[in-house]
Amino acid sequence: MFDIKWIRANAEAFDAAISRRKGVSVRSSDLLAIDDRRREIIASLNEAQEKRNALSKQIGQAKAQKDEAKAAELMAGVAALKEAIPQGEADERAVELELRNALSVLPNLAFEDVPDGVDEADNVEYFGPNGSPATAAKARAPKPSFSFAPKEHYEVGVAANGDMDFELAAKLSGSRFVVLKGQVARLERALGQFMLDLHTTEHGYTEVQPPLLVKDDALFGTNQLPKFEEDLFATSRDNASTNAVMQLTQREYGLQLVEQQIAKLADHSGRNAIAIARLNRQAANERMAIAILKTEIDSHQIFEGFQSSKLYLIPTAEVPLTNLVRESIVSEEALPMRLTALTPCFRSEAGSAGRDTRGMLRQHQFNKVEMVSITTPETSVDEHERMLTCAEAVLQKLGLHYRVMTLCTGDLGFGAKKTYDLEVWLPGQDTYREISSVSVCGDFQARRMDARYRPAGEKQAPRFVHTLNGSGTAVGRCLIAVLENYQQEDGSVLVPEVLRPYMGGLTSIGGR
RNA sequence: GGAGAGAUGGCAGAGUGGUUGAAUGCACCGCACUCGAAAUGCGGCAUGGGGGCAACUCCAUCGGGGGUUCGAAUCCCUCUCUCUCCGCCA
């Protein structure tokens, strides 16, 4: 979310930067026109309020002096404002909402060093601030070589034997779910525990167990709302409210059926008179019930209650972790605040029908270890590099080959100023696939959440914090990577060294 | 689920219709005293927004929203959250 004052002061820079973002046609002049109207409305409202306050004060003084005549005269004088002020307040609310709506759908501005481009094909490989292909190759595991044709993860013996069961999951939940069992389930758990332990003990992150269901406000803070609601799973906790809305649709459908029945019987009227009378009574009852429900809903309370009781399943722990500082002012000493969590993530994957349908690459539910940093504006860029190395450490310790890409402007996420993707090598697919994404958002989310910090030392006004988030890493996809990279010809899978303590010392799973 | 109590500045805590943006204490910052510190004294100390080059000034905000009133922290309605008791429960 942008600061309209900043846009006003930097209109040209804003236009130049926002035009780099894909599919955005808004320019500063559109927004400043709304803001001009807003300021006019505020100015005239303030004037009216000032007048009212002054007169009210005089009324108070007159009453104190028992001068009722003068008080009555003054009260008549203020009567004219009785309409202007509520109207002005309503206008102010409306125009402020208009401005907020216009601003809230604008994506963040990319840093200047983010490459221009239209899609992922224009992403640029990155080797660290002072890195090169040579230094990267030294730190990372090489691409593994196989004496046989490596299989995709779901074909590897240990998974194909039923311990990774998509058909079973489909019975319970439909497509894009999986049931893991036995040693595959344990390996997935081991990966999550390993990552969490690594970040908490070596990287200075604080472990958090956040709520998995969150309100719309939280999702607005981290940019999922209002633009990306179709990617989320939603639920509701308030039966009284949802019932009214759901009952209404049910009863309307019921009424429709009854009316169809009546129409049908009416064709051969005569002998159906009794049945029709009965159906008419039924229809009348339905209409009555519908009218009552509509009154309840129209009274607004129910519908608003329905809205506010709606809870969303988190698509990533970024949402609850980042929102931990929402609507608060933290002291500078508390920064950088580094938070991590291992949570399930839920994504509806709307619009990705047909993509990655085989295997567990793209699921409605998966586990992920997330890292979030809350920093000062001065340190967020360095923190971004640091967070990248924390994510890389996971893959390095697991001995997985990967590359790092700087996302181009066309591939950059809504709230990010710059993003690095970690792409792990999948020999079964013979390609690199995203396993982590590390983004710096500047104060974009902080404005949406109203999250600030108080600078240390001299008394200064609070400033917005900067936020960063990154996966460290997606556990489900990491499981895929381990299965594909450590597979053996006999269908067993070697357990990477660092996971063995979490696997009861096992060096291999799925062997005979 | 039932009954009751409550929500005020960084914290504690006054304040039931009139110059209260809000007493007092603590914390914090500046100055004085001191070799330094403590103690003490004096002063300062909310957030957002409008106007102004600036000094400054105006408006809004006492959990959120709505209402009564010339005027609301204070009265009414409503929502949310917290606490106490009862019931149910992993």
Side-chain angles (χ1 to χ4, degrees), chain A residues 1-9 32 34-100 103 209 211 213-218 220 236-241 243 296 298-311 325-334 443 446-465:
Chain A
M1 180 95 105
F2 295 108
D3 179 4
I4 189 66
K5 285 198 287 193
W6 182 87
I7 294 178
R8 183 171 285 282
L32 293 177
I34 302 174
D35 191 45
D36 285 340
R37 241 181 326 116
R38 175 182 146 265
R39 297 203 294 182
E40 272 171 40
I41 288 167
I42 286 176
S44 63
L45 173 64
N46 277 3
E47 201 184 324
Q49 287 169 323
E50 187 180 346
K51 216 178 282 176
R52 178 203 63 194
N53 288 350
L55 286 171
S56 289
K57 230 172 235 184
Q58 290 179 37
I59 293 169
Q61 286 165 347
K63 290 232 177 188
Q65 290 160 16
K66 305 269 188 243
D67 190 348
E68 291 298 332
K70 190 179 175 195
E73 188 190 322
L74 288 164
M75 278 159 78
V78 86
L81 299 167
K82 284 284 282 179
E83 269 184 42
I85 288 176
Q87 184 59 48
E89 284 171 344
D91 290 346
E92 185 192 358
R93 264 198 297 272
V95 75
E96 270 173 356
L97 185 65
E98 185 183 347
L99 184 61
R100 181 178 171 82
L103 290 172
Q209 287 196 29
L213 294 170
V214 295
K215 298 195 276 194
D216 52 1
D217 287 345
F220 182 86
S236 166
R237 61 183 160 177
D238 185 346
N239 290 332
S241 304
N243 275 352
E296 277 179 36
D298 285 350
S299 74
H300 238 83
Q301 293 177 354
I302 296 278
F303 190 62
E304 275 176 7
F306 175 67
Q307 288 289 42
S308 68
S309 72
K310 195 167 171 184
L311 289 177
V325 292
R326 73 173 291 115
E327 291 166 66
S328 68
I329 302 174
V330 300
S331 69
E332 183 169 353
E333 293 77 55
D443 63 3
R447 291 180 183 284
R448 297 170 83 97
M449 297 188 299
D450 190 21
R452 291 171 293 171
Y453 77 100
R454 193 177 294 283
E458 294 284 308
K459 227 180 162 86
Q460 288 183 57
R463 304 169 68 194
F464 286 110
V465 296

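Quantities reported herein were computed from a predicted structural model and do not represent experimental measurements. Reckoned from all heavy atoms, side chains included, excluding hydrogens, waters and symmetry mates. In what follows, every chain begins at residue 1, and chains take the letters A, B, ... in the order their sequences are listed.
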Nearest nucleotide by nearest heavy atom, which residue falls closer to the 5' end of RNA chain B, A:Asp35 or A:Ala54?
A:Asp35
Using atom P of each nucleotide, how far apart are B:G67 and B:G15 to the nearest Å?
29 Å
Separation of atom CD in A:Glu327 from atom P in B:G48, rounded to whole Å
14 Å
Would you say A:Arg448's side chain and A:Phe220's backbone share a donor-acceptor pair under 3.5 angstrom?
yes
Gap between atoms NZ and C1', on A:Lys63 and B:G71 respectively (whole Å)
10 Å
Taking atom P of B:U47 as reference, at what distance in whole Å does atom CZ of A:Phe464 sit?
13 Å
OP1 or OP2 of B:C29 versus the side-chain N and O atoms of A:Arg454: is any pair under 4.0 Å?
no
Within the structure, does a side-chain N or O atom of A:Arg52 lie under 4.0 Å from either OP1 or OP2 of B:A60?
yes
If you measure from the C1' atom in B:G18 to the same atom in B:A5, how many Å do you get, rounded?
30 Å
May I have the distance from A:Glu50 (atom CD) to B:U57 (atom C1'), rounded to whole angstrom?
9 Å
In whole angstroms, the gap separating P of B:C59 from CD of A:Gln49 amounts to 8 Å
Does a side-chain N or O from A:Arg39 land closer than 4.0 Å to OP1 or OP2 of B:G49, or not?
no
Quote, to the nearest angstrom, the C1' distance that separates B:G49 from B:G71.
23 Å
Send over the distance from A:Ile41 CD1 to B:G49 P, rounded to a whole Å.
17 Å
Under 4.0 Å, counting only non-hydrogen atoms across every strand here, what does A:Ile59 touch: a base, just sugar-phosphate, or nothing?
base
Note: A:Arg37-A:Glu98 ion pair, threshold 4.0 Å (strictly below):
yes
Flag if over 12 foreign heavy atoms under 6.0 Å of CD, A:Glu68
yes
Just wondering, do A:Glu332 and A:Arg454 contact through their side chains at under 4.5 Å, heavy atoms?
no
OP1 or OP2 of B:G50 less than 4.0 angstrom from a side-chain nitrogen or oxygen of A:Arg38, does that happen here?
yes
Electrostatic pair A:Asp450-A:Arg452, nearest N-O below 4.0 angstrom
yes
Between atom CZ of A:Phe2 and atom CZ of A:Arg447, what is the distance when rounded to the nearest 0.5 Å?
9.5 Å
Base-pairing string, 5' to 3', of RNA chain B - Watson-Crick or wobble, under 3.5 Å, | interstrand:
((((((((.[[[..)..(.....]]].(((((.......))))).((((((....)))))).[[[[[..)....]]]]])))))))....
If we take the C1' atom in both B:G41 and B:A46, what is their distance in whole Å?
26 Å
Give A:Gln61 one of three labels, base, sugar-phosphate or nothing, depending on what nucleic acid heavy atoms sit under 4.0 Å from its own.
base
When the distance from CG of A:Leu45 to C1' of B:U61 is rounded to whole Å, what number comes out?
14 Å
Under 3.5 Å, which donor-acceptor pairs do the side chains of residues 45-54 of chain A form with other protein atoms, sequence neighbours left out?
none

At less than 4.0 Å, is any side-chain N or O atom of A:Arg463 found next to OP1 or OP2 of B:U47? Yes or no.
no
Respond yes when some side-chain nitrogen or oxygen of A:Asn46 is under 4.0 Å from OP1 or OP2 of B:U57, and no when none is.
no
Charged N to carboxylate O below 4.0 Å: is that the case for A:Arg38 and A:Asp91?
no
How far, in whole Å, is B:U69 from B:C76 if one measures between their C1' atoms?
12 Å
Rounded distance (Å) that lies between atom C1' of B:G50 and atom CD of A:Glu89
15 Å
